[in-house]
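Below: one structure, written as structure tokens.
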Amino acid sequence: MKTLKNLLLLSTLIPMMAGAQERYGTRSGHITFFSETPMENIEAHNHKVSSVIDPATGAIQFAVLVKAFEFEKSLMQEHFNENYMESNTFPKADLKGTVEGMSAAQYKVPGVYAVTVKGDLTIHGVTRKVVEKGTITVEKSGAVVATSEFKVKPEDHGIAIPGVVRPNIAEHILVKVNMSYDKL
Amino acid sequence: MSTFSWTGVLGPINGTLLMRNILIALLALNMAAPVFAQDDLLDLLGEEETGPEYTTASFKTTRVINSHSLENTAHGVLDFKIGHRFGFINGGANEFFGLDGATVRLGLDYGLTDRLMVGIGRSSYEKTVDGFVKYKLLKQCDLGCATPFTLAVVASSSITTLMSTALPWYDPAREDYFSHRMAYSFQVIIGRKFSESLTLQLHPGVVHRNLVMSTEDPNDVIHISGGGRLKLTKRVALNAEYFYVPPDQLRDVFRNSLSLGFDIETGGHVFQLHLTNSTAMFERGFITETTGNWADGEIHFGFNISRVFTLHNPRRKES
């Protein structure tokens, strides 16, 4: 019984030890989105995106403060928060998933890696499973940069767009992600 | 195992049961640990730095109806305002319920900074030109600071440009000074967005008229007033405002201004449709010269249209 107990205790520590490995994170990632229609082009930038990658488990997480998106037109920004994203109710968009196509060891080897991120994307309180392609670049300096481009349909996340402004907002919003990670 | 001193909390229980409890606890820990690690990944970044976050969208636009709201035009934004008040609806079918006649004000507001806005307007009511400066002293805060309300001050003046002979106080025996045509208004706005749907504000102030009808009439008229909005849907709000002028300041013919209306926002435009007993759309006019009586149907149907243009973007950031 005692051996069993010790064994269990030891096994409890294993994930913690694995977790002690190096992780990469940032609080100043850049996410941009574009909506292009013949009526008007809308673009917003967020330079305060948080994200962490854990190479050991392949886990990746993003947290995006919705109010940190900056628009060229301040009224547009107000409407984005008030009428579309309802950012007082849903302050953050996030993604929890895993990076596939890259081994833990490869994070130490400079190069460009094509990866796939699978996970749960939550925007406007609505979570959807996503599978998106991206690139992770390991610089010679050891820095890790991740980029991705994908499209999001507002209606998929319960964001209602009234008929009057429907022609001004693209069916699919192009999202560009550009993250420079530091070792944590 | 002294490490697990917490098992002592379980109290005196028999050895096998205790052991089983420990095992269950360990097993649970064992399974939970990796999940924890993933959920808390972002915690590794440490405490999030959040700057002060100010309350936004307390009103759809910078006017409740006639009065200024606690909102400012954002820095670099030009707001073109078209105000229209039809005749009294009690004019009956012959006057097409007031739609035959109209008073108009055209205005331009501009945000010099996020706290300071200026504006000018021209009303058909006594051919009046008005201008104002509005400054936000305190901004209600949602996060990172503790200001519970917004505090703003508005100073405005108006000048009637009627021909001397058309002035209400025209008297060929008296010299007509330019200063006679001027009036001023000073207002303090204290308001709070209580919830996503409810915003209330008080906006007491004083109107100074350089020239009044007789020595009996005070030059300064104090008013205690307020307004608010109730958001009905994301894009439609119900607004109301009331100006109470304490007695013995105005002649009996003048009444307190009461307005009720809807704000309808459609992206770059805000349409305000309302009912009001005031004809003028500048302070001296609607605070001290409102004659309409709601009870008698002396109500104007009116609208304000606001269209914004971003002339300059101070926050522009390149990717």
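Values below: all heavy atoms of this structure, side chains included; hydrogens, waters and symmetry mates excluded. Note that the structure is a prediction, hence the values are computed from the model and not measured. Chain naming here is simple, since letters A, B, ... match the order of the sequence lines and numbering starts at 1 in each.
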Where on Asn88(A) is there a heavy atom nearer than 4.5 Å to chain B: the side chain, the backbone, both, or neither? side chain
Atom CD in Glu196(B), atom OG1 in Thr89(A): separation rounded to 0.5 Å? 6.0 Å
CG of Leu44(B) to OG of Ser50(A): how many Å apart, nearest 0.5 Å? 11.5 Å
Heavy-atom count around Lys234(B) NZ within 6.0 Å, excluding the residue itself: above 12? yes
Qualifying ring-ring contact (aromatic ring centres under 6.0 Å, His included) pairs, either residue in residues 118-149 of chain A, two or more places apart: Phe90(A)-His124(A)
Of all heavy-atom pairs between Leu42(B) and Arg27(A), which one has the smallest distance, and what is that distance? O-NH2, 4.4 Å
Side chain to side chain contact (heavy atoms under 4.5 Å, CB included) between Asp54(A) and Leu41(B), intermediate numbers included: CA-CA 8 Å; Asp54(A) 183 356; Leu41(B) 217 46; 4.0 Å; yes
Looking only at heavy atoms and a cut-off of under 4.5 Å, which of Met76(A), Lys48(A), Glu86(A) has the most pairs with chain B? Glu86(A)
Considering non-hydrogen atoms only, spot the tightest contact between Val77(B) and Ser74(A) and give its length. CG2-OG, 3.6 Å
For Glu100(A), does the CD atom have more than 12 heavy-atom neighbours from other residues, nucleotides or ligands under 6.0 Å away? yes
Residues Lys60(B) and Glu82(A) bridged, charged N to O under 4.0 Å: yes
Does the pair Val52(A) and Leu45(B) meet the rule for a side chain to side chain contact (heavy atoms under 4.5 Å, CB included), with working shown? CA-CA 8 Å; Val52(A) 172; Leu45(B) 295 172; 3.6 Å; yes
Non-hydrogen atoms of chain B under 4.5 Å away: do they reach the side chain of Thr26(A), the backbone, both or neither? backbone
Contact summary for Ala160(A) and Arg235(B), nearest pair of heavy atoms: O-NH2, 4.4 Å
Residue Thr57(A) versus chain B: region with a heavy atom under 4.5 Å: neither
Find out whether Asn83(A) and Glu265(B) are in side-chain contact, i.e. whether some heavy atom of one side chain is under 4.5 Å from a heavy atom of the other. yes
Lys67(A)/Glu53(B) ion pair, N-O < 4.0 Å: yes
